[in-house]
Amino acid sequence: MGGRGRGSRSRTQRKHFRDGRENVWKRSKSDSTSSDPNGNSNSENKTHWKPFSTQNSAFDEYYKEQGIVTAEEWDTFIEVLRTPLPAAFRINPRGKLRSLGLGNEKVGLFVAVNVVYKQLTRQYSSQFCEDIKSQLENDFMNSLKAETTDGGEVEAIRPLPWYPDNLAWHSNFSRMQLRKNQTLERFHEFLKLENEIGNITRQEAVSMVPPLFLDVCPDHFVLDMCAAPGSKTFQLLEIIYQSTKPGSLPDGMVMANDLDVQRCNLLIHQTKRMCTANLIVTNNEAQHFPGCRADKNGSKASEMEIEPQISQLLFDRVLCDVPCSGDGTLRKAPDMWRKWNPGMANGLHSLQIQIAMRGLSLLKVGGRMVYSTCSMNPVEDEAVVAEILRKCGGSVELVDVSSELPQLVRRPGVRKWKVRDKDLWLASHRDASKFQRYHILQSMFPSGKSYVAPANKDLEHENDEIVISEDGIQLTEDSSTEDLIEEVSDLPLERCMRIVPHDQNSGAFFIAVLQKLSPLPAIQEKLSKKRSLFKKNPELQEKLSDQVTRDNSGLEPDSRDVGVEKIPEAATETDLIVDEPDEADMEPEPSSISNQDDSEETKAVVNGETDSGKAVGKRKLQLQGKWKGVDPVLFFKDESIINSIKIFYGIDESFPLDGHLISRNSDKNHVKRIYYVSKSVKDVLGLNFRVGQQLKIASVGLKMFERQTSREGTDTPCSFRISSEGLPVILPHITNQILYASPVDFKHLLQYKTIKFADFVDADFGEKASKLMMGCCVIVMRDSKTMSDPIKVDVDESTIAIGCWKGRSNLSVMVTAIDCQEMLERLSFRMEAEKGSSAQENKLNVDELKLNGVSKVEESETIQLVADA
């Protein structure tokens, strides 16, 4: 998630784990020896693994007091929360043209996969969705009826009624049941196969909701601020590709960001299943995400890689799915029960506000932002929304979306709540003690108002049950939470929505939809008063640091972000608001203290390194490879290689290559892969160069060409082959090295992997194949009704193509067993439907192929073209 700090994992010592981590798989020594006072370990006293405990008294007390659910439904709520989460998945209407047999990206031959009935790639076909839905409705819904299900539901699997076009499905089996139950094995294998290939995405049902409320259009620039693991990013990509014509790219783009490097790699892996040139994956801090504002008098065009078409990075839509305590995922992650405590939410509150405010500052006027968490805690939910509404004044509106997705069961947001600090309930900031106010912020409460205790005298409450002193309100033994005066927010927080588990047998989620009506107010931070206050109280900062550390010692997420609020882009982004401090703010809060020069331009810290060469208010052009451990992003401009590719494949001028090719290697003589980017991504990259590469880009572009380094590959006229991922985009523009094969020969290529030219059923096809230049070629399956080859490929829903290698005497294709199984089954289905023959007559024996064909592939004499890692 995008708010995690940079960890120093290499410095972790064994003692940290010994003292600070509990082994959840074993009982403690005290438990295991309690039955034997002598500590003898015999077979009778041996302990065994037990499931996670699904009880936490602090959790029960906290949410009963918050009133998230009524007292009458509490038992149902907690009972459902303690049961495993049912598995859910989404059918991907848009996907990638996946390479067969290239799981490790080291095999030079390639072939397109996920070809279904009438489809070149899932980007262009809806028939694929109907195929999967038909299999679910006509096969699995019937075959799984007899299975025992949890939750009292009649249907074992069903489409989620609120998701458009029945593309999302709910399975009433948990992941554990799917793995362990033998009778569910076929359904489980189906899910694994389709997920691996990219036909479906296994995703929690409530996690699918936020992108649906963004109202994304194909021409939108979309920012996913905390994107990992990437399922929501995949959804956003599907939406912008929704109305794209075959062989073209949408005008919009998605920028997916996550700070954690390992989670960022997971994000890249997830989105690679959908080949796209409209995605940039970045590795920046979400709360300090660069605005990339170009200086009018900045770098000269000659210093830049390419002249940018935009002067500032702004987005039409922003998805702000922030780091949170995660108690909405208790059904999926039962270990959360033992970890949960109220301090987790309190510690993340400030960071969540920072990220949300940064998202709004990057949002275009008229744009929409969705703020969401997988937490039920009002401190992370309504309190954050209320605070950003107060900060933004009337420039941001909380949108009422109650009429959208009417079949989605949701509850309105709450307008009153309390804050828990250790064992004390706080109804307002007034109730917090002097030192509590350093980590219990005024923004956590419904009114958002601060309180300063009288300086020289104590006050007593009239009923003598609550005593107010310099340390704040102290409850006597006879007092209770009912004695506290509850605050009620005057903001329309009921427009937010909360999804609770027992309403529709799901996880929990919170969602708020915000629209930017006008530019945010300018920063009016009076830092001089705060600096002078620190000078007068030199011990104050030290006390503050100690107090925050003590109060958040149990915080599971990154505690370094706790209570430390920084103002992003303070020196350059005027499109951001920070309230002018009042007298209460003169009691310095760590969340509101920031130096004027403390912007990402002047203090960007990357893996422990600082950019000291940056001047205040100006950005210097950075050298390539600025980010440690990250490959540089370079526009590929080697005309000799580009021209050889154009000539070899006969790429027509309608396909723009100039300025759209990217490499990640600073050594231009050893470029192994060339990536293709859309115009929107190209413009963003150009801007990023101009502002000194503020974006830390982890992945960008669609892999279009790969260098062939094997002995036979280097003898070809073109040293670069077409990557399988890039084939769908470039196919309509290829005029050379392309052939049309009959359905029979096409099937034989998949079945036998390598076929000599003389052994093709269609002798004319074999002769044409022998006349191709040695190297990469594309084989398109000819429509059975068409006998002649068209002059140019007309890509539509019926187009099926694979990539092959033309050798000296044969045509070769390499596939993995799983991809071969998928493609042959679907191709067989199509051929059966067209010929009207029985399934038994034309169906390929896939099991025999798996037993015999796979070993033949490994031992065959097909060309093994291995690309460098």
Problem set entry | Pair E73-H502, side-chain donor/acceptor within less than 3.5 Å | yes
For this session: Among R331, K332, R175, find the one that has a salt bridge (charged side-chain N to carboxylate O under 4.0 Å, His left out) with E204.
Result: K332
Exercise. Is there a side-chain contact between M255 and T282, using heavy atoms and a 4.5 Å cut-off?
Worked result: yes
Exercise. Hey, are R186 and E189 close enough for a salt bridge, meaning a charged N less than 4.0 Å from a carboxylate O?
Worked result: no
Problem set entry | Flag side-chain contact, heavy atom, 4.5 Å: R411 against M497 | no
Problem set entry | Candidate pair E238 and R90, rule salt bridge (Lys or Arg N to Asp or Glu O under 4.0 Å), full reasoning | CA-CA 11 Å; E238 290 173 0; R90 192 184 74 254; 3.2 Å; yes
For this session: Decide yes or no for V322 and L351: does some side-chain heavy atom of the first lie under 4.5 Å from some side-chain heavy atom of the second?
Result: no
Exercise. Any chance the side chains of D251 and N278 put a donor and an acceptor closer than 3.5 Å?
Worked result: no
Problem set entry | F187 side chain reached by I157 side chain, heavy atoms, under 4.5 Å | yes
For this session: Indicate whether any N or O donor in one side chain lies under 3.5 Å from an N or O acceptor in the other, for N56 and W340.
Result: no
Problem set entry | N199 side chain to R273 side chain, donor-acceptor N/O pair below 3.5 angstrom | no
Exercise. Relative to F509, does R498 satisfy both conditions: NZ or CZ under 6.0 angstrom from the six-membered ring centre, and within 45 degrees of the ring's axis?
Worked result: no
For this session: Would you check if there is a donor-acceptor pair between the side chains of K232 and S207 at a distance under 3.5 Å?
Result: yes
Exercise. Would you say the side chains of D381 and Y371 form a donor-acceptor pair under 3.5 Å?
Worked result: no
Exercise. Is a side-chain donor or acceptor of Q177 paired with a backbone partner of S174 at a separation under 3.5 angstrom?
Worked result: yes
Exercise. Within a strict 4.5 Å, meaning less than it, do heavy atoms of the M344 and M336 side chains meet?
Worked result: yes
Exercise. Can a donor-acceptor pair be found between the side chains of E382 and S489 at a distance below 3.5 Å?
Worked result: no
Exercise. Quick check: does any side chain N or O of N138 sit under 3.5 Å from a backbone N or O of S134, one acting as donor and the other as acceptor?
Worked result: yes
Exercise. Charged N to carboxylate O under 4.0 angstrom, K272 versus E725?
Worked result: no
Exercise. Is there a donor-acceptor contact under 3.5 Å from the side chain of H349 to the main chain of N346?
Worked result: no
Problem set entry | F173 CZ to L178 CG distance, which is reported to the nearest 0.5 Å | 7.0 Å
Exercise. Are R420 and E61 within salt-bridge range, i.e. N to O under 4.0 Å?
Worked result: yes
Problem set entry | Approximate separation, where rounding is to 0.5 Å, of I355 CD1 and C226 SG | 4.0 Å
Exercise. Do E194 and I132 have side chains that get closer than 4.5 Å, going by heavy atoms?
Worked result: yes
Problem set entry | Pair D60 + K64, salt bridge at N-O below 4.0 Å | no
Problem set entry | Donor-acceptor side-chain pairing of R338 and S53 below 3.5 angstrom | no
Exercise. If we only count heavy atoms from C-beta on, is the L398 to C496 side-chain gap below 4.5 Å?
Worked result: yes
Exercise. Distance under 6.0 Å and angle within 45° of the ring axis: does R82 meet both against W337?
Worked result: yes
Exercise. Can you check whether I499's main-chain N or O pairs, donor with acceptor, with R410's side chain at less than 3.5 Å?
Worked result: no
Exercise. From L85 CG over to N505 CG, what is the distance, rounded to the nearest 0.5 angstrom?
Worked result: 7.5 Å
Exercise. Are the side chains of L514 and R368 in touch, meaning some heavy atoms are under 4.5 Å apart?
Worked result: no
Exercise. Atom OH of Y63 and atom CE of M376: how far apart are they, to the nearest 0.5 Å?
Worked result: 5.0 Å
For this session: Using distance alone, with no hydrogens and no angle criterion, decide if E380 and S375 have a side-chain donor and acceptor under 3.5 Å apart.
Result: yes
